[in-house]
Amino acid sequence: IHVYALDTDSGDLTFISKTETSVPSYVITTPGLKHLYACNELEPDGTVTSFSIDNQDNENGPILNKVNTVASLGAHPAHISISPHYNHSLLALANYSGGSISFHSIANGEISESIKHCVWDVKSDPTLETGPNKSRQTMSHPHQVYWNPRIPDIAYVCDLGLDRVVVLHISKDAEIEEIQVVKTFPGSGPRHIILHPVFNVAYLVEEMSCYISVFIVLEDGTLEFVSKMKILDHSHQIGFKFTSAGIKFVQNDQYLLVSQRGHNFIAVFEIITGSEGKELNLIRRLYLDGDIPRDFDVYGQWVLVGLQGSNFIQILKFADGTLEKVGKTFMDEDPQ
C-alpha cells in the first residue's frame, strides 16, 4: 500500500511511504484518518488487514503500522466498507469468488473475527438464479456492500453473478434480514451502487452491460427502478475486456463519473437537478493514457485514477463541468 501526499493546489502527488500486505485490492480509511483497512484478495481464503496511520514516526508524513489480520471467510474479497453509523464500528467485506459477505466489528482499530457470514450458494438454494453469461455468472459474485448514509440499518449488496441488488436490514450486532431483492437486466452484472446525498436516488453501475441503472430510494431504503443510461455508444466494442467499474460524485454532487475498462475512459454525466436526480446527461468521455481504470477517487477538484494495466496514477482536474488531464504519477507496481 503506497501513501502519497496530495497538493490540493497543483494536484501533484508526493510519495511518502510503502507498506507490504498481500494483494490489497481495496482500502478504506476511518474519519480522522486514524486507521486504514485493506481487503486482501487472496484465494482460496481471503483476509482483511487493519493498520494504524502513524504521523509521528516519519518526518515526511504518515506511515502504516499493522494492527491485525483476520479471515474474510471467502475467496477474493473485492470490496470493503464501514458503516457510517454505530460509531463506525461495523465493517463489511464482499467476497467476490466466495459468493459471500462477511461482517466484522471494529474496536480501537482492531478487526474482530467475522460476527456474521452470509453465503449465497446456488447449488444448495434452488431459488437463486445465475445470470446468462456462462463464463462469468455460474455462481453468486458479491462485488460491494454499500451502506445507506441516511438510514442506519440499511445496506445494499451488488451481486454480479446473480444479476441482482439485495437490500439488507442490518442491526448494530450484524443481525441481518433480506427485505428486498432487486433483479437487474439479465447479463447486466451489478458492480457498485451509490446514493445521492441530497436526492432520494441511487445509481448502479452494471459492469457487464456497461449501463447505469437509476433507482428511487423509498423511505424504508428499498429501491424502485426508474431508467437505464448507456455508458458506451454504438461505436464501442463490447465483450469480456470492456467493462464498467468505478462510480463517484464530483463537484458538489452535481456530476457523476464512471470509469470504463478496455475503452479506458472516464464518462462524465450531469445530474439533472430539475428531475431530482432521476435523469442523467452524458457530457463527455475523457480517454486516459493508460489501461484498465479499475477505480478512482475524488478529492475536491482532483480525480485520481488507478490504472491497473499501467504503472501510474492519472491525475485529472474537474472544474465547471469540465474534466481534463493534468499529470501522472508513476509507480513501481500497477495500482489497483
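Since we're looking at a predicted model, the values are computed, not measured.
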Trainee: Listed by chain and number, what are the ring pair (Phe, Tyr, Trp, His ring centres under 6.0 Å) partners of Tyr255, not counting sequence neighbours?
Mentor: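 Per chain and number, Tyr255 pairs via ring pair (Phe, Tyr, Trp, His ring centres under 6.0 Å) with Phe318.
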
Trainee: Look at the side chain of Thr29 and the backbone N and O of Leu33, then say whether any donor-acceptor pair between them is shorter than 3.5 Å.
Mentor: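 It does not hold such a pair.
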
Trainee: What distance do Asp45 atom CG and Leu73 atom CG have between them, rounded to the nearest 0.5 Å?
Mentor: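 These two atoms lie 8.5 Å from each other.
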
Trainee: With the side chain counted from C-beta on, respond yes when Thr14 and Asp7 share a heavy-atom pair under 4.5 Å apart, and no when they do not.
Mentor: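 No, their side chains stay 4.5 Å or more apart.
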
Trainee: Please identify each residue that fulfils side-chain hydrogen bond (donor to acceptor under 3.5 Å, both in side chains) with Ser112, with sequence neighbours left out.
Mentor: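 Here the qualifying residues are Ser105.
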
Trainee: Mind checking the CZ-OG spacing from Phe185 to Ser213? Nearest 0.5 Å is all I need.
Mentor: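 Rounded to the nearest 0.5 Å, the CZ-OG separation comes to 6.5 Å.
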
Trainee: Could you work out, with side-chain hydrogen bond (donor to acceptor under 3.5 Å, both in side chains) as the rule, every residue matching Arg261, not counting sequence neighbours?
Mentor: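 Testing Arg261 for side-chain hydrogen bond (donor to acceptor under 3.5 Å, both in side chains), a comparison that skips the adjacent residues, returns Glu207, Thr243.
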
Trainee: Are side-chain N/O atoms of Asp334 and Asn311 paired as donor and acceptor at under 3.5 Å?
Mentor: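 Absent: no donor and acceptor within the cut-off.
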
Trainee: Are Leu304 and Leu13 side-chain neighbours, meaning at least one heavy-atom pair lies under 4.5 Å?
Mentor: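 Of all side-chain heavy-atom pairs linking Leu13 with Leu304, at least one is under 4.5 Å.
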
Trainee: Do other residues, nucleotides or ligands put more than 12 heavy atoms under 6.0 Å from the CD atom of Glu324?
Mentor: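 Enclosed.
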
Trainee: Is Asp163 paired with Lys183 through a side-chain N to carboxylate O contact shorter than 4.0 Å?
Mentor: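 Here Lys183 does not pair with Asp163 in a salt bridge, since their nearest N and O are not under 4.0 Å apart.
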
Trainee: Keeping Ser25 on the side-chain end and Pro77 on the backbone end, is there a donor-acceptor pair under 3.5 Å?
Mentor: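 Checking the backbone N and O of Pro77 against the side chain of Ser25, a donor-acceptor pair under 3.5 Å is found.
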
Trainee: At what distance, to the nearest 0.5 angstrom, does CD of Glu224 lie from CD of Gln180?
Mentor: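 It comes to 9.5 Å.
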
Trainee: Under the side-chain hydrogen bond (donor to acceptor under 3.5 Å, both in side chains) rule, collect the residues that match up with Asp220, sequence neighbours excluded.
Mentor: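 Thr222.
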
Trainee: Scan residues 288-313 for pairs that pass ring-ring contact (aromatic ring centres under 6.0 Å, His included), counting only residues two or more places apart or in two chains.
Mentor: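 Checked against ring-ring contact (aromatic ring centres under 6.0 Å, His included) - neighbours excluded - the pairs reaching residues 288-313 are Phe312-Phe330.
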
Trainee: Tell me whether Val165 shares a hydrophobic cluster with Val201, the cluster being built from Ile, Leu, Val, Met, Phe, Trp, Tyr side chains joined at under 4.5 Å.
Mentor: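 Cluster IDs for Val165 and Val201 match.
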
Trainee: Is it true that Leu288 and Ile315 fall in one hydrophobic cluster, defined by side-chain heavy atoms closer than 4.5 Å?
Mentor: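 No, no single cluster joins them.
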
Trainee: How close do Ile1 and Ala38 get, counting heavy atoms only, and between which atoms?
Mentor: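 Closest pair (atom of Ile1, atom of Ala38, distance): CD1-CB, 3.9 Å.
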
Trainee: If you compare all heavy atoms of Pro190 against all heavy atoms of Thr184, which two are closest, and at what distance to 0.1 Å?
Mentor: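 Looking at all heavy atoms of both residues, the closest pair is CG-OG1, 3.4 Å.
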
Trainee: Does a donor on one side chain and an acceptor on the other come within less than 3.5 Å for Ser100 and His117?
Mentor: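 Result is yes, a qualifying pair exists.
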
Trainee: With side chains defined as the heavy atoms from C-beta onward, is the minimum distance between Leu204 and Cys158 less than 4.5 Å?
Mentor: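 Yes, side chains in contact.
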
Trainee: Side chain to side chain contact (heavy atoms under 4.5 Å, CB included) with His104: which of Ile82, Ile111, Ile115, Ile80?
Mentor: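 Only one option passes, and that is Ile111.
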
Trainee: Any pair with a residue in residues 126-145 that passes ring-ring contact (aromatic ring centres under 6.0 Å, His included), sequence neighbours left out, goes on the list, sorted by first then second residue, please.
Mentor: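 Qualifying pairs: Tyr96-His141, Tyr96-His143, His143-His192.
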
Trainee: Given the ring of Phe103, does Lys116 sit roughly above its face, with NZ or CZ under 6.0 Å from the centre of the six-membered ring and within 45° of the axis?
Mentor: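 No.
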
Trainee: What I want to check is whether the side chains of Asp289 and Gln314 have a donor and an acceptor closer together than 3.5 Å.
Mentor: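 Per modelled atom types, Asp289 and Gln314 side chains form a pair under 3.5 Å.
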
Trainee: Are Glu41 and Arg294 ion-paired here, with the side-chain N under 4.0 Å from a carboxylate O?
Mentor: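 Looking at Arg294 together with Glu41, the answer is yes, because their closest N to O distance falls below 4.0 Å.
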
Trainee: Checking side-chain polar atoms at under 3.5 Å, does Gln336 have a donor or acceptor matched by the opposite partner on Gln308?
Mentor: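 There is such a pair (donor and acceptor under 3.5 Å, judged by atom type) between the side chains of Gln336 and Gln308.
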
Trainee: Is a side-chain donor or acceptor of Asp121 paired with a backbone partner of Lys123 at a separation under 3.5 angstrom?
Mentor: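 The answer is yes, because a donor-acceptor pair under 3.5 Å joins these two groups.
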
Trainee: Side-chain contact, heavy-atom cut-off 4.5 Å: Lys172 with Leu90?
Mentor: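 No, side chains not in contact.
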
Trainee: Rounded to the nearest 0.5 Å, what's the gap from OG1 on Thr21 to CG on Asn40? Could you check?
Mentor: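 Separation between the atoms: 4.0 Å.
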
Trainee: Quick one about Asp320 and Thr322 (side-chain donor to acceptor, distance below 3.5 Å, no hydrogens or angles considered), yes or no?
Mentor: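 Checked: Thr322/Asp320 side chains show no N/O donor-acceptor pair below 3.5 Å.
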
Trainee: To check you understand the geometry: which heavy-atom pair defines the closest contact between Gly300 and Val250, and what is its length?
Mentor: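 Distance-wise, the nearest heavy atoms are O-CG2, 4.3 Å.
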
Trainee: Between Met208 and Asn133, is there a side-chain heavy-atom distance shorter than 4.5 Å?
Mentor: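 A side-chain contact under 4.5 Å exists here.
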
Trainee: Consider side chain to side chain contact (heavy atoms under 4.5 Å, CB included). Of Leu256, Leu282, Asn281, Val258, which one does Met229 pass it with?
Mentor: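 Between Met229 and the candidates, side chain to side chain contact (heavy atoms under 4.5 Å, CB included) is satisfied uniquely by Leu282.
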
Trainee: Would you call Glu129 and Arg164 a salt bridge, taking side-chain N to carboxylate O under 4.0 Å as the test?
Mentor: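 Arg164 and Glu129: not salt-bridged.
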
Trainee: Over all heavy atoms of both residues, which pair between Val298 and Phe249 is shortest? Give the atoms and the distance, please.
Mentor: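 Reported closest heavy-atom pair: CG2-O, 3.7 Å.
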
Trainee: With the 4.5 Å side-chain cut-off for hydrophobic clustering, are Ile292 and Ile266 part of the same group?
Mentor: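 No, because Ile292 and Ile266 fall into different hydrophobic clusters, even though each may have its own neighbours under 4.5 Å.
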
Trainee: Which atoms form the tightest heavy-atom contact between Gly187 and Pro132, and what is the distance?
Mentor: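 That closest heavy-atom pairing would be N-CD, 3.2 Å.
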
Trainee: Under the ring-ring contact (aromatic ring centres under 6.0 Å, His included) definition, can you give me all pairs with a residue in residues 32-53, not counting sequence neighbours?
Mentor: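 Sorted result for residues 32-53: empty, none.
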
Trainee: Check ring pair (Phe, Tyr, Trp, His ring centres under 6.0 Å) between His2 and all other residues, then give those that pass, not counting sequence neighbours.
Mentor: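 If we apply the ring pair (Phe, Tyr, Trp, His ring centres under 6.0 Å) test to His2, skipping adjacent residues, there are no hits.
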
Trainee: Let me check something: do Ile193 and Ile28 share a hydrophobic cluster, defined by ILVMFWY side-chain heavy atoms less than 4.5 Å apart, either directly or through other members?
Mentor: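 They do not share one cluster, since no chain of ILVMFWY contacts under 4.5 Å joins Ile193 to Ile28.
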
Trainee: Flag the pair Val157 / Ile101 as yes when at least one side-chain heavy-atom distance between them is below 4.5 Å, and no otherwise.
Mentor: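 Yes - at least one pair of side-chain heavy atoms lies under 4.5 Å apart.
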
Trainee: Does Ser310 reach the main-chain N or O of Asp291 with its side chain, forming a donor-acceptor pair under 3.5 Å?
Mentor: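 Indeed, once roles are kept as given, a pair shorter than 3.5 Å links the two residues.
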
Trainee: Indicate, with yes or no, if Val226 and Tyr203 share a hydrophobic cluster defined by side-chain heavy-atom contacts under 4.5 Å among Ile, Leu, Val, Met, Phe, Trp and Tyr.
Mentor: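 The answer is yes; both residues are in one hydrophobic cluster.
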
Trainee: Which atom pair, heavy atoms only, marks the closest approach of Thr127 to Asp125?
Mentor: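 It is OG1-OD1, 2.5 Å.
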
Trainee: Please check if any side-chain donor atom of Asn68 sits under 3.5 Å from a side-chain acceptor atom of Thr49, or the reverse.
Mentor: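 Absent: no donor and acceptor within the cut-off.
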
Trainee: Counting heavy atoms not belonging to Glu178, are there more than 12 under 6.0 Å from its CD?
Mentor: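 Atom CD in Glu178 is crowded, with more than 12 foreign heavy atoms closer than 6.0 Å.
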
Trainee: Checking Thr329 now: which residues fulfil side-chain hydrogen bond (donor to acceptor under 3.5 Å, both in side chains) with it, not counting sequence neighbours?
Mentor: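 Expected list: none.
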
Trainee: How would you list, by chain and number, every residue that makes a side-chain contact (heavy atoms from CB on, under 4.5 Å) with Ile151, sequence neighbours excluded?
Mentor: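 Ile151 satisfies side-chain contact (heavy atoms from CB on, under 4.5 Å) with Asn148, Asp153, Ile154 only.
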
Trainee: Report, as yes or no, whether the 6.0 Å neighbourhood of atom CG on Asn108 holds more than 12 heavy atoms from other residues, nucleotides or ligands.
Mentor: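 It does not: Asn108 CG has 12 such atoms or fewer within range.
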
Trainee: Does the side chain of Glu333 reach to within under 4.5 Å of the side chain of Lys18, using non-hydrogen atoms?
Mentor: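 In short, these two side chains touch, coming nearer than 4.5 Å.
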
Trainee: Please list, chain by chain and in numerical order, all residues satisfying ring pair (Phe, Tyr, Trp, His ring centres under 6.0 Å) with Phe265, sequence neighbours excluded.
Mentor: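 For Phe265 the ring pair (Phe, Tyr, Trp, His ring centres under 6.0 Å) partners, ignoring immediate neighbours, are His236, Tyr287.
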
Trainee: What I want to find out is whether Lys248 reaches Asp297 closely enough, with some N-O distance under 4.0 Å, to be called a salt bridge.
Mentor: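 Looking at Asp297 together with Lys248, the answer is no, because their closest N to O distance does not fall below 4.0 Å.
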
Trainee: Do you see a donor-acceptor pair shorter than 3.5 Å between the side chains of Ser235 and Asp233?
Mentor: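 Yes, a side-chain donor-acceptor pair sits under 3.5 Å.
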
Trainee: Contact between Val3 and Pro62 at the side-chain level, heavy atoms closer than 4.5 Å - yes or no?
Mentor: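 Counting from C-beta outward, Val3 and Pro62 do come under 4.5 Å.
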
Trainee: Considering only residues two or more places apart or on different chains, which pairs with a residue in residues 10-30 satisfy ring-ring contact (aromatic ring centres under 6.0 Å, His included)?
Mentor: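 Every ring-ring contact (aromatic ring centres under 6.0 Å, His included) pair that includes a residue of residues 10-30, provided the two are not neighbours, is Tyr4-Phe15, Tyr26-His79.
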
